[in-house]
Each structure stands twice: as C-alpha cells, then as structure tokens.
Colleague: 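This structure is in structure tokens; I'll ask about it shortly.
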Amino acid sequence: MTLTRSAITVPGPRSTLLHQRKTAAVAAGVGTALPVYVERAEGAVLIDVDGNRLIDFGSGIAVTSVGHAAPRVVEAVRRQAAEFTHTCFMVTPYEEYVAVAEQLNDLTPGAHEKRSALFNSGAEAVENAVKVARHHTGRPAVIAFDHAYHGRTNLTMALTAKNMPYKHRFGPFANEVYRAPMAYPYRWPTGPAVCAAEAFDQFVALVRTQVGAENTAAVIIEPIQGEGGFIVPAPGFLARVADWCDLHGIVLIADEIQTGFCRTGDWFASEFEGVVPDIVTTAKGIAGGLPLAGVTGRADIMDSVHSGGLGGTYGGNPVACAAALATIETMWAEDLCGAARRVESVLRPGLTALAGEYDAIGEVRGRGAMLAVELVRGGTKEPDADLAARVSAFCHRAGLITLTCGTYGNVLRFLPPLVIEDALLHEGLEILGDAFAAAVAR
Ligand code: PLZ
C-alpha cells in the first residue's frame, strides 16, 4: 500500500462521528490513544473509515508482529472457524492446543523438559504463572520490580508498579507482593557502570530483610520492561537474579508477553543474556492478533499442579491456536527475528541522529523492533511527558501511529510490525523528525 501523507485529516468526519457514538456507548474508563476508527489493515499500514492511511509503529501494542492480515494467519483462522470454533479444551480436546504447547516448549529458552498451559490474555498468563509457582514451592511471596507492568487484574495490578492509570482507586490489591529496584542504567543514581551490581545487591537485601528467600515463591521480571519505558536492564543483572533464584529454589518467571516472539531480534529476550527462566509467560505476538497467552515452564514445576487446577472456558481457543501455529510458521518462513534486527538497523541510526539534534532526547534504547527515546527537559534528566505527548500528537495527525510509555509518561516507543518495509520506516522517521522540529520549537 502507498502512503499519501498530504491527503491526511486525522480524525476525519466518519471517525469523528464514530467517536461521538463511542463516548455515548463505551465506558469512559476505556481510553483510546487516537480517535481514528480502523476499517482494514495490511502489513504495517492501517486504513481508517475516512480513507486515511496510517503507518503503524505500534502493532496494537506489540501484537501484530507478523503484520496486519498476514496471509497464513488469515487462511488458518478461516479454515479453523469453518471447522469448529469452540469445544472447551477441558471438555473435549483438540490437536491445535497440543501443537501450540509443543511449539512453546520447543521455542522458549532452555533444552529441559517443559509443559505449557494456554490462556486468553497476558494478565491471565501472569496470574497462572504465579499460581503454579506458589503451588510448586508452597511459599506465598512474589517479588516484582520498579517500573514493572504485568496486567490489570487484581494480582497483576499488585505486580504492576505504576499508579496512574492502572491502579488509582482500584485497590486493595493482592498481598504478598514485594517490589525491588530495577537496574535502570539511565536513571541509576551512581551511574550505569555500577547499576547491575548495586541493583542486584539491593534486590538480595530486600528479599533477605523484608521477605525471606524461604517465603518467596517467585521473582517475576520483564527481560526488557515494556509499559514501564522500554527499560533494558543493565547487562548482567538478569543473569545474577536468575542464578540467585536458582540457589534458593525460587521460581524465576520471565514475563515475555511484550518482548517475545521475535520482537527483540531473538525468539525471546531472555536468550540475549543467556538466561533460562523457570517459567515464561507469552501473549501478544504469539497469535497474529487473536487473543491467546501461554505459560511455559519446567515440567516438574508445571506438573506439580493437580489435574483440574488450571484452566478456563476459552483458554487455548482453537481459532486462536490455529492463528498461533500460522504465526509461528510465518516467523520461521520470513525470518522475523532477522526482520526485527533489520528494523533496528534502520530505526536506531535515525533515532540516534535525532538525539544528536535535540538534547530533549535523553536516551535512545531498546533492542530489535522494540526501540524508544526517553524525553527530558534539555540538559537535565527531568522527565518531559508533555513533549512526548506533543510529539506523539503531531505524528498521529501526520499519519504515524506512535505510542508513549514509561513510569513518567516521557518515553516514545516504536514497535512496528516486523514485516514493515524499509521505505515505511524511513517515512516514519521523517514524520518523527518533523514532529520534533514542531514540538521542540513551540
Ligand atoms: N505483561 C509485559 O506488556 C500488556 C498493556 C496495555 P494483557 N501490555 C499492554 C494496557 O494499557 O492495558 C502486558 C505486558 C506485559 C503483561 C501484560 C498484560 O497483557 O494481554 O493486556 O492482559
């Protein structure tokens, strides 16, 4: 699809009308980043109801890694929907669920024997990973990190660090959740060089003094933090935490819901650091847009739960499973891990060049097709959420879907479908350049 930048009016009249209906019909708590209503999409381009073309640098929050309307996924969904759409795996099972479990066991880090269970959403996967870890260890406590995001259900809200908009007035939250500092190099008070070692020492001290390793079921961590600001932990931090968990019989849960399935240039981001988690949670990119999530772990941990202890009506829905199998096939066939690295090779130099021009860009970071810039007031490290919002709004008006994130709301993140053409990446960078020129000059 070609892009006609000049023709764009966002939101157009049809979207505006739909948005009025949305306001009258949909609960106010369900927000939208841009009030543009989508009619169809292909690859890395969305077409809205007014005929505007938008370049997608968001992938529906890291979901459509294989691209919108990926041919294998479309065909698999069609075929499966015509055969059967639901039986409930807990009643009468079907092959597709088993095949997805086999794929997950095969693709996630580590050559050990594994088992998987399937669910509908990332939050549900995290809930179940914690259930399994508690059941296996017989211990109550879970350690999460500053800037973590794990979902919006009660337990996952407790695991999530950020108050607004996720937790504000939604408590009380699940108990036995403790929070350790994250090895966040850019904001580590004594500098990035000592970040991994100091953050690890503080993590250990926290567990020892406030919780007790013998009371700790699990440590849950995103190998690159997503909603918290695309924070890449200081090198070595993850491995130290993993080794320490191992030493104390604590289940290490890697939440790869945002980082998994080729997004960072590997099948899973844990691999980059050579970390083999005990349990991996997956969702988002796994099924090309269909709702599916997985919990994959060491066979002895996963199989410790009694039969009937895990499940749900829709978990591992056959249409979602068929989509996942087609997604994984596409990732192999089109080398989408390589594609993520190609995206980085185009985007990172562009972002670095922008950072050279604007001291409001404090840091360019991320890996593969999971890149971000952290915005600050020029010459300081004071977060500038306002600027992130202005740049993002400019991009939206110019037909580029960008998302913000970060504990301080000051991070612009870029996570296009991995199949995106280089020309669209360059086009997006150009719009971003215009956006900085307009927003910083203001
Ligand atoms: N774990 C690491 O990134 C979802 C949230 C969007 P669900 N991130 C996008 C929003 O504002 O709700 C996410 C994640 C990580 C868990 C989740 C939760 O996944 O499928 O949204 O439940």
Side-chain angles (χ1 to χ4, degrees), residues 26-34 57-65 108 118-131 142 144-168 170 174 177 182 218-233 238 252-261 263-264 268-270 277 279-296 312 314-317 320 323-324 366-367 369-370 372 392 401-407 409 411 413-415:
V26 178
V30 184
T32 49
L34 60 171
F57 271 18
S59 303
I61 322 190
V63 172
T64 52
S65 298
T108 48
L118 303 181
F119 303 95
N120 304 293
S121 68
E124 210 187 338
V126 171
E127 290 263 355
N128 279 280
V130 171
K131 272 168 74 169
V142 182
F145 290 86
D146 284 337
H147 312 289
Y149 183 91
H150 298 291
R152 293 176 181 266
T153 58
N154 189 261
L155 171 61
T156 60
M157 272 194 290
L159 294 169
T160 292
K162 189 174 174 178
N163 177 43
M164 272 304 266
Y166 309 121
K167 302 169 77 164
H168 181 62
F170 294 141
V177 171
M182 180 61 176
V219 168
I220 182 164
I221 190 162
E222 301 154 82
I224 295 179
Q225 290 183 316
E227 304 307 304
F230 279 28
I231 299 165
V232 184
L238 282 177
L252 178 69
I253 304 171
D255 182 345
E256 292 251 18
I257 285 165
Q258 191 152 167
T259 50
F261 285 97
R263 175 56 54 190
T264 65
F268 294 94
S270 304
I279 291 181
V280 176
T281 55
T282 50
K284 290 190 183 280
I286 190 176
L290 277 285
L292 186 72
V295 179
T296 302
Y314 291 113
N317 169 273
R367 191 152 71 233
M370 186 172 182
S392 218
I401 299 176
T402 51
L403 302 172
T404 57
C405 65
T407 296
V411 178
R413 56 172 155 173
F414 312 105
L415 53 168

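Counting from 1, the numbers follow the sequence of the chain as shown. Small disclaimer: the values here were computed from a predicted structure and weren't measured. Indexing begins at 1, ligand by ligand and atom by atom, following the structure's order.
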Colleague: Looking at I61, which atoms of ligand 1 are within less than 4.0 Å of one of its heavy atoms?
Modeller: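 Those qualifying, in numeric order: 6 (C), 9 (C).
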Colleague: Would you say S59's side chain and L415's backbone share a donor-acceptor pair under 3.5 angstrom?
Modeller: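 Such a contact is found between S59 side chain and L415 backbone.
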Colleague: Return yes if some donor-acceptor pair links the side-chain N/O of K284 with the main-chain N/O of S65 below 3.5 Å, else return no.
Modeller: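 Between the backbone of S65 and the side chain of K284 there is no qualifying donor-acceptor contact (under 3.5 Å).
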Colleague: Has N154 got a side-chain atom pairing as donor or acceptor with A174's backbone, closer than 3.5 angstrom?
Modeller: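 Here the side-chain-to-backbone pair exists.
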Colleague: Return the closest protein heavy atom for atom 8 (N) of ligand 1 as residue, atom name and distance.
Modeller: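 Here the closest protein heavy atom is K284 NZ, 3.1 Å.
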Colleague: At under 4.0 Å between heavy atoms, is it the side chain or the backbone of E124 that contacts ligand 1, or both, or neither?
Modeller: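 Within the 4.0 Å criterion, E124 makes no contact with ligand 1.
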Colleague: Taking the six-membered ring where the residue is Trp, are the ring centres of F261 and F268 under 6.0 Å apart?
Modeller: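 Yes, ring centres under 6.0 Å apart.
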Colleague: For ligand 1, which atoms, with element, lie under 4.0 Å from some heavy atom of A123?
Modeller: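 With A123 as reference, the close atoms of ligand 1 come out as 7 (P), 18 (C), 19 (O), 22 (O).
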Colleague: Using a 4.0 Å heavy-atom threshold (strictly under), name the region of A283 that reaches ligand 1: side chain, backbone, both or neither.
Modeller: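 Contact part for A283 vs ligand 1: neither.
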Colleague: Write out the residue and atom name of the closest protein heavy atom to atom 17 (C) of ligand 1, then the distance separating them to 0.1 Å.
Modeller: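 Among all protein heavy atoms, the one nearest atom 17 (C) of ligand 1 is Y149 CE2, 3.7 Å.
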Colleague: If you take the nearest heavy atom of each of G60, P165, G122, which one is closest to atom 7 (P) of ligand 1?
Modeller: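 Closest candidate by heavy-atom distance is G122.
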Colleague: Taking only heavy atoms of Q258 into account, list the atoms of ligand 1 that are under 4.0 Å away from them.
Modeller: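 Those of ligand 1 that fall under 4.0 Å from Q258 are 3 (O), 8 (N).
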Colleague: Hey, is atom 22 (O) of ligand 1 touched by any protein heavy atom at less than 4.0 Å?
Modeller: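 Yes.
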Colleague: Counting each atom of ligand 1 from 1 as listed, which ones have a heavy atom of E222 under 4.0 Å away?
Modeller: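 Checking each atom against E222, I get 2 (C).
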Colleague: May I ask you to decide whether K131 forms a salt bridge with E124, counting only side-chain N to carboxylate O separations under 4.0 Å?
Modeller: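 Salt bridge between K131 and E124, a charged N being under 4.0 Å from a carboxylate O: no.
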Colleague: With no hydrogens and no angle check, just 3.5 Å: does a side-chain donor-acceptor pair link E256 and S270?
Modeller: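 The criterion, which ignores hydrogens and geometry beyond distance, is satisfied for S270 and E256.
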Colleague: Considering residues, nucleotides and ligands other than Y314, do more than 12 of their heavy atoms fall under 6.0 Å from its OH?
Modeller: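 Not buried by this count: 12 neighbours or fewer within 6.0 Å.
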Colleague: Check ligand 1 against R152 and write out every atom of the ligand that is under 4.0 Å from a heavy-atom position of the residue.
Modeller: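 This gives 10 (C), 11 (O), 12 (O) as the contact atoms.
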Colleague: Tell me, which protein residue and heavy-atom name are nearest atom 1 (N) of ligand 1, and how many Å apart are they?
Modeller: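 Ranked first by proximity to atom 1 (N) of ligand 1 is D255 OD2, 2.7 Å.
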Colleague: What I'd like to find out is whether the side chain of N317 reaches to under 4.5 Å of the side chain of L292, using heavy atoms alone.
Modeller: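 No, their side chains stay 4.5 Å or more apart.
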Colleague: Donor-acceptor pair, distance only, cut-off 3.5 Å: does the side chain of R413 make one with the backbone of M370?
Modeller: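 Answer holds: no.
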Colleague: If the cut-off is 4.0 Å to any non-hydrogen atom of S121, which atoms of ligand 1 fall inside it?
Modeller: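 Once the distances to S121 are compared, the set is 20 (O), 22 (O).
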